[in-house]
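So the structure is just underneath, and the comments pick up after that.
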Amino acid sequence: MPLTRDTPLTDLPGVGPARGKKLEKLGLRTLGDALEHLPQRYEDRRERHTLRDAPLDRPCCVAAMVAEPPRATRVRKGLELVKVRAVDHTGWANLTFFNQGYIKDALRPGESYVFYGTVERQGRGFAMTNPAFEREGAGRFTGLILPVYPLTAGISNNLLAGITRRAVDECLDGLPEALPDQVRKDHQLCQTRFARKNIHYPATFEELALARRRLVFEELFVLTCGLAQLKDRRAAGAGRVMEGGPEEFSALLPFAPTGAQRRAMEDIAADLRSGKAMNRLVQGDVGSGKTAVAAFAAWTAVKNGAQCALMAPTELLAGQHARTLDALLSPAGVRVALLTGSVKGKEKKALLSALAAGEIDLLVGTHALFSEGVEYHDLGLVIADEQHRFGVAQRSALAEKGGAAAPHILVMSATPIPRTLALIIYGDLDVSVMDELPPGRTPVRTLLVGEDKRARMYGFVRRQVGEGRQVYIVCPSVEENGGGDWGDGPAMDLKAVTAYAGELRERVFPELRVGFVHGRLKAGDKDAVMSAFAAGELDVLVSTTVIEVGVDVPNASLMIVENAERFGLSQLHQLRGRVGRGRHESFCVLVTSSRGETARERLRALCATNDGFRIAEEDLRLRGPGDFFGKRQHGLPQLKVADFAADMELLKEARAAAEELIAADPGLERPAHRLLKQRVRELFGENGELFN
Ligand code: ADP
Ligand code: MG
């Protein structure tokens with residue numbers, strides 16, 4: 001039977017049911033799956049040398065004959081060595097294998113093998129440690145560029161490479177082409193068969209680059225086609241008409257809106273009035289005053305008889321928003337309520353029935369806002385604040401919560417998302433940029449200090465408090481539970497953070513009022529501490545990164561970050577955004593005992609600029625998108641090939657091509673686009689639920 005892409009891997013020799021199970025763990029069931037399993041790196045095993053000519057600084061292949069029976073020795077429990085000598089016409093090499101007992105029988109005296117590894121000098125001869133090897137002339141794993149795959153226990157790279165070799169050799173005929181010919185020509189992309197072969201077994205790195213470019217483009221193209229379709233469909237979607245302008249609303253504000261705030265409000269007013277469903281992102285750096293803009297949108301919706309839901313990433317922030325918005329909007333008759341995971345029992349029941357009866361106008365909360373059993377009377381507007389994971393899928397799911405017309409959607413985000421990433425995550429939204437801070441702000445001064453400055457720093461804390469200011473001291477997160485902070489800083493032991501807070505309270509600042517919050521506190525307790533800090537009843541707030549986004553206490557003028565090297569730059573920028581919100585000169589002190597030059601250089605970059613955009617780009621470049629969002633999902637389909645940091649130029653190219661194509665064939669109905677349409681559906685959900 002010829003092999004096809006549908007052939008189960010368990011049909012292959014050497015793959016029994018047990019290995020089949022393990023392969024399934026990697027998502028591999030058929031040869032077709034194996035074709036799509038991408039190498040994570042490559043080993044260049046093409047170069048072949050004699051022992052004497054072998055380079056000593058990098059691995060290469062050496063052909064040599066095993067000169068004696070291998071000797072196994074058990075050094076101690078858990079450490080077994082196999083040693084053997086091999087020779088070629090230029091010299092000898094002692095080979096050592098650690099904990100690979102089977103090698104004793106795999107290497108036969110008098111036989112020639114190709115060994116791949118780094119050759120070292122040893123006395124008058126050479127040595128190799130744990131070289132890979134195969135029989136001379138076999139050419140399966142040596143003499144080529146070998147793909148190295150992500151593995152799982154019990155599955156070796158050789159096994160997988162053997163499988164992909166067969167897939168590439170036998171299953172590429174008739175592989176369908178998802179990219180339209182014209183797109184392929186316009187962007188100089190190789191064919192899908194060439195790409196699939198060469199992503200696994202390229203003869204040269206140039207071929208590999210061509211293959212990769214094509215696959216990355218394809219992936220980004222499918223993604224952006226989906227986003228373009230979503231945007232298209234949304235644009236066509238009816239939205240209820242809501243009237244109202246910024247002038248009347250601004251009378252409620254305790255300050256005059258900035259030009260940027262006014263422009264964002266005008267954009268929103270125009271959307272709400274248009275008869276189409278709003279899908280807008282307001283992007284503005286920390287402290288640019290996004291809350292007031294959100295308040296305007298909520299006010300407009302309520303004035304027009306609709307309900308509004310505002311979702312925040314943490315309970316803490318939800319509580320703060322509820323207080324701010326209540327103070328601002330209740331004079332205008334808006335009834336504000338707070339719903340978080342910790343509202344329970346009777347209280348929750350009462351709240352839910354008031355909501356369903358339309359007795360609540362603006363519901364503020366965490367993701368609990370859209371959990372099971374939460375029924376709105378007439379939801380007309382959804383606002384998501386600082387919700388980096390409030391991606392495409394979540395927004396689409398929301399569309400169903402409204403009545404006949406989809407609710408208007410407003411997403412608020414601080415800038416530390418590089419433009420390019422935002423393009424993907426928010427690629428289906430219209431964007432208002434707030435590029436102006438409220439007047440009277442002086443930029444936060446950022447300093448990097450070592451342990452030797454600790455005493456002076458504590459002195460500075462006392463002076464700031466003496467002048468009536470307040471101080472944050474932030475430690476790396478204890479593992480936060482579910483609340484949705486996007487800080488994934490390496491966990492510091494809760495005990496350590498708590499002990500540090502205790503020490504500050506008792507020994508360092510006995511004369512100051514010191515409070516402590518962390519993610520494990522009950523929401524009520526967290527709120528109590530935060531409210532006390534906001535009300536000026538605490539001088540120093542020791543906290544984990546729960547205060548990272550959104551917290552607004554204008555009297556705070558000093559932020560100290562302990563173990564600053566453990567945070568991402570964007571995260572530090574967000575943290576720093578907690579100060580410099582009032583009239584007072586503000587400071588951010590990054591404490592690190594790290595001597596590492598890269599770590600320090602990273603932190604110095606933060607000292608040098610207050611521009612969130614630039615910091616975000618730098619962060620993405622240094623850490624990649626995974627860290628950027630923490631380990632958690634951001635509501636986007638998982639990409640397999642593309643790398644957000646490295647492939648941005650291609651993203652722009654793919655996106656332009658996708659928009660052009662969708663403009664010409666919005667439903668991807670043309671026969672030539674059939675496969676593309678299917679790919680888009682696969683990427684955006686098993687059943688393409690976003691597109692039904
Ligand atoms: P963001 O959410 O964009 O980080 P906030 O909405 O929390 O910023 O606003 C930051 C601070 O600036 C708040 O204390 C807010 O009251 C204040 N603020 C907002 N807009 C203005 C303005 N136009 N003039 C003066 N202060 C403002
Ligand atoms: Mg905010």
Side-chain angles (χ1 to χ4, degrees), residues 246-247 249-266 268 280-299 310-329 364-366 383-388 390 410-417 431-444 469-470 472 484-486 530 533-536 546-557 559 570-584 586 588 610-613 615-616:
E247 295 74 34
F249 167 78
S250 297
L252 294 170
L253 291 174
F255 41 69
T258 64
Q261 282 170 320
R262 204 183 304 270
R263 283 189 295 277
M265 289 194 268
E266 292 288 2
I268 291 167
R280 180 165 297 277
L281 165 69
V282 171
Q283 218 182 1
D285 209 343
V286 274
S288 59
K290 293 183 292 293
T291 314
V293 173
F296 165 70
W299 172 82
L310 188 155
M311 175 159 61
T314 61
E315 299 205 336
L316 227 127
L317 195 50
Q320 176 187 285
H321 275 325
R323 283 190 296 274
T324 309
L325 293 170
D326 189 50
L328 198 63
L329 297 177
V364 181
T366 52
I383 304 174
D385 186 36
E386 307 288 6
Q387 283 281 15
H388 301 264
F390 190 58
L410 179 63
V411 177
M412 326 279 298
S413 171
T415 38
I417 296 193
V431 181
S432 303
V433 174
M434 291 183 29
D435 50 2
E436 184 183 347
L437 294 182
R441 301 274 172 85
T442 43
V444 178
R469 301 288 81 73
Q470 289 164 283
Y472 296 101
D485 305 279
W486 55 298
M530 282 317 295
F533 189 69
V546 285
I547 61 148
E548 178 175 328
V549 287
V551 168
D552 183 35
V553 180
N555 190 48
S557 62
M559 152 96 25
S570 295
Q571 207 180 6
L572 288 170
H573 181 63
Q574 276 281 355
L575 282 168
R576 172 168 67 179
R578 298 313 110 220
V579 294
R581 307 192 133 233
R583 291 168 287 113
H584 316 288
S586 299
C588 174
N610 274 302
D611 180 342
F613 275 124
I615 291 165

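Counting starts at 1 for both ligands and their atoms, following the listed order. In what follows, every heavy atom counts, from backbone to side chain, and hydrogens, waters and symmetry copies are set aside.
- Scanning both residues, Ala260 and Glu436, for their nearest heavy atoms gives N-OE1, 3.0 Å.
- Heavy atoms of Gln261 found under 4.0 angstrom from ligand 1 belong exclusively to the side chain.
- Heavy atoms of Thr291 found under 4.0 angstrom from ligand 1 belong to the backbone as well as the side chain.
- Set against the non-hydrogen atoms of Thr258, the atoms of ligand 1 under 4.0 Å away are 23 (N).
- For the pair Asn610 and Pro443, the tightest heavy-atom approach, listed with the atom from each and the gap, is ND2-CB, 3.5 Å.
- Classification of Asp435 and Arg263 as a salt-bridged pair holds, one side-chain N sitting under 4.0 Å from a carboxylate O.
- Ring geometry, Trp299 versus Phe249: the interplanar angle falls from 30° to 60°, so the pair is classed tilted.
- Contacts with ligand 1 closer than 4.0 Å are made by backbone heavy atoms (N, CA, C, O) of Ala256 only, the side chain lying farther away.
- Lys290 and Asp385 are not joined by a salt bridge, as no carboxylate oxygen comes within less than 4.0 angstrom of a charged side-chain nitrogen.
- The ligand atoms of ligand 1 that sit less than 4.0 angstrom from a heavy atom of Pro554 are 14 (O).
- Within the 4.0 Å heavy-atom cutoff, Pro257 counts among the residues contacting ligand 1.
- Gln470 places a side-chain N or O within 3.5 Å of a backbone atom of Phe533 that can act as its donor or acceptor partner.
- Checking Pro439, Ala294, Gly289 against atom 8 (O) of ligand 1, the nearest heavy atom belongs to Gly289.
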